[in-house]
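Below is one structure; the comments refer to it alone.
These numbers come from the heavy atoms of this one structure, side chains and all, not from hydrogens, waters or symmetry mates.
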Amino acid sequence: FIPNYFGLLQDYEHFKFGFSFIIPEGNEFNQDNIVNLQYAATANNKEYIRNYNEKTFLYLLGPSVAFELDESLSIGTSLFVSRRTRDFIDNQRVFYSNLTNQWEWTNLYSEEASWGTLGILGVQYMPDRKLSLGLTVKHAVDFLAQAEQQHITATQNGTEYSTGTFNLLD
């Protein structure tokens, strides 16, 4: 269990100061499929198997400050350091069931990571205790984003392998 928010808040006169650790996105996905495509005895009948696993997380860490202009109007800002990670593996296998020794297997493994900042500016208007209107403007900048990938394709005729690090900001 990972909590999606942890924060500290301190009041000082008309100011509120905060420091937060937030996980606004956290997904894990696992898909397993087997599909048999059977046509006729002379067709390229196929068994298709796929396993796809993905984990994606976004972490935000940073300070916030808000100022109460009067009892009904406040402004505030936050500046977060952001870290996004995405790891996935995609395995696929095709077996041609009515052809002797005909098959293909592919595997793609990727680890992606980015570092950046997220600035938020907000205004809140509360004309009474039961009504609140707000407006926010956000601006995100990634200053480092890269992926390390490995790709393998194998058939009955041989294997191809490639690996590399890629800049995701290009």
Side-chain angles (χ1 to χ4, degrees), residues 1-9 18-64 76-122 134-170:
F1 172 74
I2 299 174
N4 63 350
Y5 174 81
F6 177 78
L8 303 171
L9 183 63
F19 193 83
S20 305
F21 175 68
I22 306 168
I23 306 174
E25 180 182 1
N27 297 309
E28 292 190 33
F29 183 73
N30 184 354
Q31 175 184 346
D32 295 312
N33 294 53
I34 298 176
V35 178
N36 286 301
L37 303 172
Q38 302 296 325
Y39 304 111
T42 58
N44 287 336
N45 295 327
K46 300 171 185 148
E47 178 183 64
Y48 174 75
I49 300 171
R50 183 177 189 202
N51 174 258
Y52 182 82
N53 296 302
E54 180 179 330
K55 291 181 183 180
T56 304
F57 290 96
L58 173 61
Y59 306 94
L60 301 174
L61 177 72
S64 301
T77 187
S78 297
L79 182 61
F80 294 108
V81 172
S82 67
R83 168 82 170 159
R84 179 182 296 276
T85 61
R86 178 177 178 245
D87 299 338
F88 70 89
I89 187 166
D90 189 3
N91 282 296
Q92 299 181 43
R93 178 181 164 264
V94 178
F95 175 71
Y96 299 95
S97 57
N98 61 340
L99 299 174
T100 304
N101 198 27
Q102 297 288 309
W103 54 273
E104 180 176 324
W105 173 73
T106 60
N107 176 282
L108 175 61
Y109 180 71
S110 180
E111 293 180 354
E112 300 173 3
S114 66
W115 286 95
T117 59
L118 173 63
I120 303 173
L121 177 64
L135 175 70
T136 60
V137 177
K138 299 179 182 181
H139 183 68
V141 176
D142 284 335
F143 50 83
L144 174 67
Q146 67 181 27
E148 293 183 23
Q149 294 184 340
Q150 169 187 304
H151 186 250
I152 301 170
T153 300
T155 68
Q156 66 281 351
N157 298 321
T159 302
E160 294 178 14
Y161 174 81
S162 64
T163 184
T165 302
F166 307 95
N167 183 350
L168 299 175
L169 296 177
D170 292 338

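- Y48 OH: more than 12 foreign heavy atoms inside a 6.0 Å radius.
- Looking at T163, its side chain does come within 3.5 Å of a backbone N or O of Q149 through a donor-acceptor pair.
- The structure places CG of L144 at 7.0 Å from CG of L169, a figure rounded to the nearest 0.5 Å.
- In plain terms, the two heavy atoms of S20 and Y5 that are nearest each other are OG-OH, 3.6 Å.
- Here CZ of F21 is found 13.0 Å from CG of L8. Values are rounded to the nearest 0.5 Å.
- Exactly one of K55, E111, E25, E54 qualifies for a side chain to side chain contact (heavy atoms under 4.5 Å, CB included) with R86. That residue is E54.
- When all heavy atoms are compared, the tightest approach of I120 to T77 is O-OG1, 2.9 Å.
- The minimum heavy-atom distance between R84 and L58, with the atom names listed, is NH2-CD2, 3.6 Å.
- To the nearest 0.5 Å, the span separating CD on E148 from CZ on F166 amounts to 10.0 Å.
- Atoms CD1 and CZ, on I49 and R93 in that order, are 4.5 Å from each other to the nearest 0.5 Å.
- Here the closest heavy-atom approach between residue L79 and residue G119 is recorded as CD1-CA, 4.1 Å.
- I89 CD1 to N51 CG: the interatomic distance, rounded to the nearest 0.5 Å, is 7.5 Å.
- Using a 4.5 Å heavy-atom threshold, the side chains of F19 and L61 count as touching.
- At most 12 non-hydrogen atoms from other residues, nucleotides or ligands lie less than 6.0 angstrom from CD of E160.
- Q150 places a side-chain heavy atom less than 4.5 Å from the side chain of Y161.
- F88 and E112 make their closest contact through CE2-OE2, 3.8 Å (heavy atoms, listed as atom of the first residue, atom of the second, distance).
- Rounding to the nearest 0.5 angstrom, the gap separating the CG atom in D90 from the OH atom in Y109 is 13.0 Å.
- For the pair W105/I152, a side-chain contact is recorded, criterion being any heavy-atom separation below 4.5 Å from C-beta on.
- Checking T106 against E104 by side-chain atom types alone, no donor-acceptor pair falls below 3.5 Å.
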message: Let's go through Q102 and T155 carefully: what are the C-alpha distance in whole Å and the side-chain angles of both, what is the deciding distance for side-chain contact (heavy atoms from CB on, under 4.5 Å) to 0.1 Å, and is it a yes or a no?
response: CA-CA 8 Å; Q102 297 288 309; T155 68; over 6 Å; no
task: Apply side-chain contact (heavy atoms from CB on, under 4.5 Å) to T117 and F143, showing your working.
output: CA-CA 8 Å; T117 59; F143 50 83; 4.0 Å; yes
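- The minimum heavy-atom distance between F80 and S64, with the atom names listed, is CZ-OG, 4.3 Å.
- For the pair Q156 (side chain) and W103 (backbone), a donor-acceptor distance under 3.5 Å is present.
- With hydrogens and angles left out, the side-chain atoms of N30 and E28 include no donor and acceptor closer than 3.5 Å.
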